[in-house]
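We number each residue from 1, following the sequence as shown. Keep in mind that this is a model prediction, so the values were computed, not measured.
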Amino acid sequence: MKILLIEDDPKTVAFLRAGLEPEGYAISSADDGRKGLISAASGDFDLLIVDRLLPGLDGVALVRTLRAAGIQTPVLFLTALGGIDDRVEGLRAGGDDYLVKPFALAELSARVIALTRRGSPAPKTAVLKIADLELDRLSRRVTRSGKKIDLKPREFQLLEYLMLHENQVVTRTMLLEAVWDFHFDPITSVVESHISRLRSKLDRGFGRELIQTYRGSGYRISSDA
């Protein structure tokens with residue numbers, strides 16, 4: 001998997017290389033917007049990680065130019081500009097995700113995984129299975145050990161997202177964006193309360209918990225005990 005870092009801060013580039021290369025990613029970099037645009041225009045990369053404040057050509061203009069040229073490589077904006085208007089501008093320009101500095105490497109890695117898998121073929125079956133839990137994406141039916149579990153629409157979306165990312169830690173921010181379409185933190189406990197209700201419905205009367213909490217990181221669904 002090939003990633004292009006378009007970032008003018010050498011320390012940030014070194015930090016990202018140290019975090020991503022051990023996970024098997026091939027990392028290239030460009031230290032200004034014009035160089036980054038030329039490299040990204042080749043279409044040879046699976047993901048672009050783009051700073052917004054770049055010399056030569058700013059990140060938003062860079063991504064707009066790529067999208068106008070028909071290049072749809074996923075883009076993760078990585079920037080110190082964290083205002084709601086900044087996020088909206090970046091996403092409307094063609095960005096696929098937006099992470100504000102400073103950031104945790106674990107969250108960056110999770111977002112990279114999500115973005116690089118977004119273009120993968122859809123599962124051949126509409127039924128997702130983890131251990132004795134089954135979710136039918138067409139009929140919207142959920143069962144565990146053959147017993148039907150009634151979920152509200154948002155609970156179903158939350159479970160579906162977790163199951164599509166089986167064995168991966170997904171962050172609160174990722175869930176807010178994927179399930180609630182929030183591209184900012186509303187400072188509520190909506191994720192925690194829905195996870196709690198989902199656990200209650202999935203685990204009550206069964207032998208083990210499937211949803212695990214990683215404090216400070218997020219949640220993971222797994223068949224591991």
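Side-chain contact between Arg144 and Glu134 is absent, with no heavy atoms from C-beta onward closer than 4.5 Å. By the 4.5 Å heavy-atom criterion applied to side chains, Leu133 and Met163 are counted as neighbours.
The environment of Arg154 atom CZ is dense: over 12 non-hydrogen atoms of other residues, nucleotides or ligands sit within 6.0 angstrom. Within a 6.0 Å radius of NZ in Lys152, no more than 12 heavy atoms belonging to other residues, nucleotides or ligands are found.
Using a 30° and 60° split on the angle between ring planes, Phe77 and Tyr98 fall in the tilted class, from 30° to 60°.
In this structure, the side chain of Glu7 engages the main chain of Asp9 through a donor-acceptor pair within 3.5 Å. The main-chain N or O of Arg141 is never found under 3.5 Å from a side-chain atom of Lys148 such that the two would form a donor-acceptor pair. Here the side chain of Arg34 pairs no donor or acceptor atom with the backbone of Ile38 at under 3.5 angstrom. The closest donor-acceptor contact from the side chain of Ser42 to the backbone of Ser39 lies under 3.5 Å. The main-chain N or O of Glu192 is never found under 3.5 Å from a side-chain atom of Ser196 such that the two would form a donor-acceptor pair.
Paired with Arg111 under the rule side chain to side chain donor-acceptor pair (under 3.5 Å), one option of Asp96, Thr116, Thr171, Asp97 passes, and it is Asp97.
If you chain together hydrophobic residues whose side chains sit under 4.5 Å apart, Leu105 and Leu5 fall into the same group.
Side-chain atoms of Thr213 and Arg199 form a donor-acceptor pair, as typed in the model, at a separation below 3.5 Å.
Classification of Asp31 and Lys35 as a salt-bridged pair holds, one side-chain N sitting under 4.0 Å from a carboxylate O.
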